[in-house]
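Both counts, for ligands and for their atoms, begin at 1 and track the order of listing.
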Amino acid sequence: MIKGFGNNKLGCHALVWVGGWSNEECETAIANTKAAGYDLIEMVALDPTKLDTSFTRDTLQKHGVEGTCSLGLGETNDINSEDMTKVKKGEETLLGALKFVEGVGGKFLGGVIHSALRKYPEETTTKARANSVSVIKQIAKEAQKSGITIALEPVNRYETNLLNTAQQTIDFINDVGEPNVTVHLDVYHCNIEEDGYRNPILACGDRLGYVHIGESHRGYLGTGTIDFAKFFDALAEVDYGGYITFESFSSAVVDPKLSMMLGIWRNLWSDSMDLAVKAREFMQNSISQARQTA
Ligand code: MN
């Protein structure tokens, strides 16, 4: 984990701005991320073959914005499966995403890369989990060559059957056994699955590699039920100095695949810039307050 709470780089998820990644959308999203005062943008690589690596790299450089990347696997490329055709396809997707991150000069690949991002109709199996461990190990080894950190995001039970909590993710990372695999913790999912915000962060400790900040309804920060002070206090306690990225979704901006999988049926905001600027201010205030109480 990067140490030094208070020096965290702040990120904004691409879905705050755009639902796809044409060159025009890429330019809009990166320019707006900069204008809203962020250090980095988290891009979505559901299908890495559709992303223009060199255009993205040039646009990031032009605006002085860092790029990170996340994705969720789907039903046909699920590495948390006993079907080796799906596992192989998932491995290809992840290698493609890794190549994209490397190509745009990014240092991080995260999200629901351990399984499909969907409501499973049954529990995972020992064999399916072992397949996921094995692919993540390979991806991690490949990532080491270019100094990229892999982070696995535990998400709520309606979005995966494999990793719902921080502790399950740490157990999984221990089985993978590679030094560049970390936990990608999202306060929105902690709110659903954990006993609070302090224990999961303390359980991760040095293995916390990335953080998502989202409200309980995925809209404006501070207008839902999440106790952000407790979450940020715990980040201060472990001296987390890594990326903190704002993630929010509304029916106003739609990625045809991702938004449907996440169940984004309501319009929680329509002014992306207002949302993003207020979120950055909210996160900066939360960090300052947590530093004062630490
Ligand atoms: Mn998230």
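- In this structure, the ring-ring contact (aromatic ring centres under 6.0 Å, His included) partners of Tyr243, at least two apart in sequence or on a different chain, are Tyr210.
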May I have the list of side-chain donor-acceptor pairs in residues 94-113 shorter than 3.5 Å, sequence neighbours left out?
unit_1: Lys107; atom_1: NZ; unit_2: Ser146; atom_2: O; d: 3.3

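- Distance check: Glu25 CD to Thr59 OG1 gives 12.5 Å after rounding to the nearest 0.5 Å.
- Aromatic ring centres of Phe249 and His13 lie closer together than 6.0 Å.
- Side-chain atoms of Thr33 come within 3.5 Å of backbone atoms of Ala29 as a donor-acceptor pair (strictly under, hydrogens ignored).
- For the Mn ion (ligand 1), protein N, O or S atoms closer than 2.8 Å were enumerated as Glu153 OE2, Asp186 OD2, His212 ND1, Glu247 OE1, with waters left out.
- Under the ring-ring contact (aromatic ring centres under 6.0 Å, His included) criterion, the residue pairs touching residues 252-285 are Phe228-Phe282, with sequence neighbours excluded.
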